[in-house]
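Heads up, the thing below is written out as structure tokens.
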Amino acid sequence: MRKYGRIAVLTGGGDCPGINAVIRAVAKKAILQHGLEVIGIEDGYEGAILNHYRKLQFKDVSGIITQGGTILGTSNIANPYRYALKKNGILEFKDVSKETISNIGKLEIDCLVCIGGDGTLSIANDLYKDGVPIIGIPKTIDNDLRGTDITFGFDSAVTIATEGIDRLHSTAQSHHRVMVVEVMGRNAGWIALHAGVAGGGDIILIPEIPYNLDVIIERVRERSLSGKRFSIIVISEGARSINGKTVIQKIVKESLDPVRYGGVGFVLGTQIEELTGIETRTVVLGHLQRGGTPTPFDRVLATRLGTRAVEMILNEHFGSMVGIQKNELVEVPLAEVVGGQRTVSPDDPLISAAREVGTSFGDKV
Ligand code: F6P
């Protein structure tokens, strides 16, 4: 370790279960094993831009492994290279990276640990290229980051979505209805695929496999005729039909990831009810999937990633992200992680397994 023995941590992008478990792992190991000082930067890069930070004592990170959200706060808007400011009601963007890097320099830290998804880690990579020693830790419920087989938050989101599907199953059965359950994931279908399989969805629709409405209608009718008087359809918010467009709820211009999906479940639900005459209801699980306590799996993963990140700091392996591949911790250059997405391959073994048990992906009969 160099002169000061001080590190800083920030969390950027959407929150998810397990962030506090990572903060705890990094800070506890840094304090207990290496006597480092730990600074918590507040609200993602906003805190680095505006100098909002606080020292994290051992007591601050004790007892937080079960807590959802992030004790540091987050922002999916603040970007030092494109800082959004409103002047006379008009949105303008300014490059404040020089000032931000100078602020970080004044903290006299040996490393900035950035916990986040693609947007946060892209900025982290830019800061690294501009001379800031950075270690990245992958976080997102969407599970769409390159360089790692899984991100923490994903298992918790799948668990919540599965519980939602389970609960909708019983009401669908009782009322003989079609239930359309829309889950998050942007343009990656991981949550829909895993929660759909775990919840026994009859039809799973993901962005990577555009659906054919006729196939869905036929499957729902067929189930009805065979005496199964209900159907469960799990649809990813980024799914689209073969001749339709992705349903976009809004564009948040100043955001790191400007597109906000949402609503495709309602579009599909209306079409199903009209074309089959079967009562249909849509439920959007939304931000529920990001809330609450992390699953044991995510707590364990967070602890493994966080403690390894401290090793990487001590070894000065800056410009890298800690990931997990084939259940082994790995170090991946940030440059290889950012600027692309890990989506579901249509040949994914779980898709084949689901098809083998009769699940439809809305693409073929
Ligand atoms: O990336 C995580 C995620 O929850 C996506 O699944 C979802 O599309 C998006 O963030 C929602 O963003 P916001 O919290 O800004 O509505």
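Start at 1 and go down the list; that is how both ligands and their atoms are numbered.
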Quick one: name the residues clustered hydrophobically with Ile65, using the 4.5 Å side-chain heavy-atom rule over I, L, V, M, F, W, Y, and just say none if it's on its own. none

Using heavy atoms and a cut-off under 4.0 Å, could you grab the residues that are in contact with ligand 1, chain by chain, numbers ascending? Asn76, Ile141, Asp142, Met184, Gly185, Arg186, Glu237, Arg260, His287, Arg290

Can you tell whether the side chains of Arg355 and Asp363 come within less than 4.0 Å, N to carboxylate O? yes

Step by step, work out the salt bridge (Lys or Arg N to Asp or Glu O under 4.0 Å) result for Asp257 and Arg186. CA-CA 10 Å; Asp257 252 318; Arg186 294 194 195 274; 3.7 Å; yes

Are Ile209 and Leu205 connected in a single hydrophobic cluster, I mean Ile/Leu/Val/Met/Phe/Trp/Tyr linked by side-chain heavy atoms less than 4.5 Å apart? no

Could Glu254 and Arg82 be called an ion pair, given the rule that one side-chain N must be under 4.0 Å from one carboxylate O? no

Considering only NZ, NE, NH1 and NH2 on the basic side and carboxylate oxygens on the acidic side, decide whether Asp149 and Lys326 come within less than 4.0 Å. no

